[in-house]
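Structure first, then comments.
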Amino acid sequence: MLDVKRIRDQRDLVRERLASRGAGDEAKVDQALEVDAQRRQLLAEVETLKAQRNRVSKEIGALMGQRKLAEAEARKAETRQIGDRIAELDGKVAALEGARDQVLLRLPNLPHESVPVGRTAEDNVVVRMWGEKAVSTFPLLPHLDLCSRLKLVDFGRGAKLSGSGFLLYTGWGARLERALISFLLDLHTGQHGYTEVSPPYLIGRDCMVGVGQFPKFEDQAYAVQEGLDSSTLGRLYLLPTAEAPVANIHREEILSDAQLPIRYVAYSPCFRAEAGAAGLGTRGMIRVHQFDKVELIKIVRPEDGYAEHEKMVADAERVLQLLGLHYRVVLLCTGDMGFASAKTYDLEVWAPGQGQYLEVSSCSNCEDFQARRMNCRYKLADGGNRFPHILNGSGTALARLFVALIETHQQADGSVLIPEPLRPYLGADRLPLPACCP
RNA sequence: GGAGGGGUGGCAGAGUGGUUGAAUGCGGCGGUCUUGAAAACCGUUAGGGCGGUGACGCUCUCGGGGGUUCGAAUCCCCCCCCCUCCGCCA
């Protein structure tokens, strides 16, 4: 959430930065300010009345103490109607505050000045590449073929169980998925300084609001209900990313300066309804309703925010390097960035069987946007409280990583060679062809 | 799910309608004393909002919300969370 005071003080700058996203949100700025101005005016009025009431109440207390009862009664009568007026104004102030926040919660973050201005993914900037597209003497198969040949994923039965967009990993496929999760967690905890956490997969509404997922993207989430009690629907949601619970760990807290920087890594499955994207035509594992992801979260001092952001990208890149996968790093333009982000790098890995780059990581610095929403602060040496920068990044998403891995490392004989660092986790150096199939 | 107990400042723990935003203890910070440190003693120590250049002023907050009252941490109602016991259960 943007700081109202900042919107007030730097109105033009805020409008201009919002406009650069190309979503027309700058129009809401005046609306928020107008409601806020009304609120402040009424607030001043009601607080004056409250001061008056408090003063008289104390006097009444003193009179009662002196047994001047008649006088006390007179004062009471005098003050009685002030209470009604206060209640009335309190109600109005609360309503205006609600209206203001309604607007503020739907305003996206301001893009950082280093973000290129643009409208769509076309305007994103490739900042660097690593490795090269695989060249092969034999035709490289897409992952769908590899999965069925090697019996890694049973798409048909996955759909039977839960509908399209749900995967049933089988045999070596299931094992590879598990190996990747362990490999990623060990890498980030062991070499990159993150602390492992394992969050609940069902999370409260506040988590979703805190990271900026709600109220704007409520239609993208899976809401659950307890048994047959429909009144419980919407109390809990399946997490769309571990970012939602993990970034909220310190919600409503005042951290000490010494606690920062905080770096968490968490594995979780991710559930996305992808409403409106149904029948998108992406077969296989590229776009699904449930996938695994290892997520990185940082809570850092604002002055460290962007240095930590670059390090986070490097941490995610390290995954792809160790797995020998060609990728590119893309700096998203203003129009392509997520709601909460001030600056985002995507990591896109090359999938030779698809002939395209797949997004496997998105690393964002949300600055204090989320911290404000969740009221997470830290205490400075001078006693003041400050909102930290909160960063999130995939390290990395798994289904697409799985695709790139098997497509990149497939062999002429149909098996898949496993990169050295992953072998101890898999307990094998290749995914073999099932004995029964050529 | 049932019965009972409880949620107060960083922590512990008083406070059952009136000058209590809150005793006391611990911890933290500053100071006196000391060659230094400890002990002792003195002082200080929550967050939000609004206004003011500022010193500061006002206001709200004792799990959350509503109510009674001139006035609520204290009384009433609803909800949430934690603890103990019982039931069910991976």
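What you are looking at is a predicted structure, and each value in this text was computed from that prediction instead of being measured. Chain naming here is simple, since letters A, B, ... match the order of the sequence lines and numbering starts at 1 in each.
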State the pairing partner of [N]; accept Watson-Crick or G-U wobble contacts with both distances under 3.5 Å, and report none otherwise.
N: rG57(B); value: rC50(B)
N: rA3(B); value: rU84(B)
N: rG36(B); value: none
N: rG21(B); value: none
N: rU44(B); value: rG28(B)

Query - Under 4.0 Å protein heavy-atom contact, by nucleotide of nucleotides 45-70 of chain B - B base, S sugar-phosphate only - result: --SSBSS------BSS---------B

Please state the [atom1] separation for the pair [N] and [M] - nearest whole angstrom.
N: rU32(B); M: rA37(B); atom1: P; result: 11 Å
N: rA72(B); M: rC62(B); atom1: P; result: 11 Å
N: rC82(B); M: rG28(B); atom1: C1'; result: 28 Å
N: rC33(B); M: rC42(B); atom1: P; result: 16 Å
N: rG25(B); M: rG15(B); atom1: C1'; result: 15 Å
N: rC75(B); M: rU16(B); atom1: C1'; result: 9 Å
N: rC76(B); M: rU68(B); atom1: C1'; result: 7 Å
N: rG48(B); M: rU44(B); atom1: C1'; result: 22 Å

Report task. Mind calculating the distance between CD (E253(A)) and P (rG10(B)) to the nearest angstrom? Result -> 12 Å

Report summary line: Whole-Å distance, D257(A) CG to rG28(B) P, equals 18 Å

Does this structure show an ion pair linking [X] with [Y], if we count only N-O contacts that are shorter than 4.0 Å?
X: R6(A); Y: D3(A); answer: no
X: R386(A); Y: D368(A); answer: no
X: D25(A); Y: R106(A); answer: no
X: K68(A); Y: E59(A); answer: no

[X] vs [Y] aromatic rings, parallel, tilted or perpendicular, using cut-offs 30° and 60°?
X: H188(A); Y: Y194(A); value: perpendicular
X: Y222(A); Y: H289(A); value: perpendicular
X: Y306(A); Y: H112(A); value: tilted

Requested in this report: Start with the C-alpha distance between H143(A) and F402(A), add both sets of side-chain angles, then the distance that settles ring-ring contact (aromatic ring centres under 6.0 Å, His included), and finish with yes or no.
Outcome: CA-CA 9 Å; H143(A) 71 282; F402(A) 190 109; 8.5 Å; no

For residues 87-97 of chain A, tabulate all N or O donor-acceptor pairs below 3.5 Å that involve a side-chain atom, not counting sequence neighbours.
{"from": "E88(A)", "atom 1": "OE2", "to": "R85(A)", "atom 2": "NH1", "distance (Å)": "3.4"}
{"from": "D90(A)", "atom 1": "OD1", "to": "K50(A)", "atom 2": "NZ", "distance (Å)": "3.2"}
{"from": "D90(A)", "atom 1": "OD2", "to": "K50(A)", "atom 2": "NZ", "distance (Å)": "3.3"}
{"from": "E97(A)", "atom 1": "OE1", "to": "R39(A)", "atom 2": "NE", "distance (Å)": "3.0"}

Query raised in the report: Just by distance, do the side chain of Q259(A) and the backbone of S256(A) share a donor-acceptor pair under 3.5 Å?
Result: yes

Protein N or O to nucleotides 75-77 of chain B N or O, pairs below 3.5 Å:
none

